[in-house]
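Read the structure below first, then the notes.
Since this is a predicted model, take the numbers as computed values, not measurements. For ligands, and for the atoms within them, numbers begin at 1 and follow the listed sequence.
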Amino acid sequence: MDPVSIPALSPEQEELFRLIEDTREHVFVTGRAGTGKSTLLQHLAWNTHKQIAVCAPTGVAALNVEGQTIHSLFRLPIGLIADSELEQSEPARKIMNAIDTLVIDEISMVNADLMDAIDRSLRQARRRRAEPFGGVQIVMFGDPYQLSPVPPRGDELRYINDHYRSFWFFDAQVWAGPRGDAGAIRSDGLLDLGRVGAPLHIKELREIHRQSDDGFKAMLNAVRHGIVTADIAEKLNAAGARPVPEPVDGEPPIITLATRNDIVNRINQRHLDALPGPVQRARADVSGDFGRGENYPADAELQLKVGAQVMFLRNDLGARGPAAGGGPRWVNGSIGTVTRIAGGTVRVEIDGEEHDVEPAVWERFRYAYDPGSRKLTRDIVAEFTQFPLRLAWAVTIHKSQGKTYDRAIVDLGSGAFAPGQTYVALSRLTSLDGLYLSRPLRPSDILVDPDVRRFMAGVRAAGG
Ligand SMILES: Nc1ncnc2c1ncn2[C@@H]1O[C@H](COP(=O)(O)OP(=O)(O)OP(=O)(O)O)[C@@H](O)[C@H]1O
Ligand SMILES: [Mg+2]
């Protein structure tokens with residue numbers, strides 16, 4: 001995101017920015033969907049005076065915050081790390097020594113084993129073995145009621161069960177000590193786990209910016225906590241039961257949020273096939289090491305037709321956008337319709353206005369240490385060029401994480417299967433008027449992870 005499109009911080013966001021900027025405390029910034037966690041992270045990245053490194057657990061999440069994946073920043077092996085020897089090259093060690101603050105986004109997807117590996121890496125590289133994270137300040141952003149880590153299986157699961165209270169980052173030994181049984185959050189909101197654990201400030205943003213209607217906010221909160229009463233379910237189902245309107249020229253089309261990839265692909269393909277005219281294909285240009293297909297920020301081969309419903313994958317930085325003093329013509333998540341494909345551009349109509357869209361470049365970053373200036377530098381190590389568009393009659397709920405939509409069809413198909421899935425889907429909407437349910441919600445669609453409930457109950461009790 002460019003600095004122009006970051007909204008001015010609210011007082012509670014500003015207060016947390018100051019806590020992070022003015023102290024060396026470890027901070028976990030949490031809060032309901034739409035409370036501006038990602039916004040605060042972007043503000044921090046642009047305004048801090050510290051040497052910070054920004055990272056995230058997945059490639060897509062790292063690209064979103066213009067950071068590096070945790071695994072590549074710390075050169076960690078894939079899979080369970082446990083207490084295996086950590087090999088550190090000289091350049092990696094230099095980087096770890098230059099960092100004042102490590103910022104981690106989407107922390108809810110980081111498991112306890114990885115959290116502890118970060119701690120151990122930093123202690124080892126900085127030769128400060130007695131200090132948590134080798135003295136680096138840790139700032140984490142995320143909502144544990146949304147996406148969870150990939151659940152461990154087999155031996156990995158046995159290891160986690162033997163060593164940790166749960167696989168969540170908040171049960172890592174660095175915070176909790178072995179098995180993390182203390183788990184007490186003090187009245188001042190500090191997670192203080194006694195002898196061995198590092199102190200962690202847990203701060204909850206309260207003000208929701210995405211939705212404005214109090215009734216809808218209360219319903220979302222009930223879904224988040226798994227306390228949906230019959231009355232709330234009835235209201236959500238009654239609102240969502242309306243028929244999906246036929247597309248109207250000039251109005252943004254409606255996206256379907258579905259549980260699984262195969263459902264999403266089927267819906268997109270069905271709609272694409274139903275359009276007249278030839279399919280046009282755009283191949284991505286990949287230079288440098290961008291990893292495998294699942295790390296790609298957009299389709300390796302994008303298939304489009306005139307009339308296709310598409311979603312933008314980037315904020316507008318174009319010639320007539322904010323860079324030239326205008327407002328953004330689109331943002332990451334905007335939905336529109338393809339009206340023309342010619343001459344290396346795709347024309348997309350959004351809210352009744354047509355814009356020519358050109359390919360965008362995604363840059364994969366890697367931190368390096370510059371001994372001359374004794375500062376961290378951020379180098380581009382790979383580039384991915386593609387139209388910042390994907391077919392968007394449907395996306396997975398997983399991919400909709402972090403996004404904002406005015407209208408959406410929520411298709412829970414044969415049922416939600418992950419904790420928080422239904423909450424993520426519903427909380428993308430700015431208002432109840434934009435909700436279309438492909439079938440009524442069932443009690444079994446609302447899953448809350450008991451470890452999250454336990455941890456967050458402590459946060460709430462302490463007034464985090
Ligand atoms: N201080 C603010 N003033 C105005 N709008 C804001 C402010 N903070 C955030 N927003 C807007 O609210 C919406 C949600 O913000 P953001 O995506 O940062 O929330 P989030 O907590 O990261 O949500 P999620 O948990 O869904 O990822 C965005 O459209 C953002 O621009
Ligand atoms: Mg976010």
S10 meets the side chain to side chain donor-acceptor pair (under 3.5 Å) criterion, sequence neighbours left out, with Q13
query: Is atom CD of E234 surrounded by more than 12 heavy atoms (other residues, nucleotides or ligands) closer than 6.0 Å?
result: no
Between ligand 1 and L9, is the shortest N or O to N or O distance under 3.5 Å?
no
Hey, is ligand 1 close enough to Q401 that some N/O pair sits below 3.5 Å? no
Can R453 and D449 be counted as an ion pair, charged N to O under 4.0 angstrom? no
Residue set satisfying ring pair (Phe, Tyr, Trp, His ring centres under 6.0 Å) with Y145, at least two apart, ordered chain then number -> H225
Protein N/O/S atoms closer than 2.8 Å to the Mg ion (ligand 2) number 1
message = Using a 3.5 Å cut-off on N or O atoms only, is P7 in polar contact with ligand 1?
response = no
| said: Does any N or O of ligand 1 fall below 3.5 Å from an N or O anywhere on K403, backbone included? | reply: no
Atom 9 (C) of ligand 1 sits nearest the protein heavy atom T39 OG1, 3.3 Å
Honestly, for A8 the part within reach of ligand 1 (heavy atoms, under 4.0 Å) is backbone
So CD1 of I138 and CD1 of I99: to nearest 0.5 Å the spacing works out to 8.0 Å
Applying ring pair (Phe, Tyr, Trp, His ring centres under 6.0 Å) to Y436 and not counting sequence neighbours gives none
W175 and Y164 aromatic centres sub-6.0 Å: no
Going by heavy atoms, is Q42 under 4.0 Å from ligand 1?
no
Report task. Determine whether the aromatic ring centres of F28 and F169 lie less than 6.0 Å apart. Result -> yes
Note: T35, heavy atoms under 4.0 Å from ligand 1, region reported as both
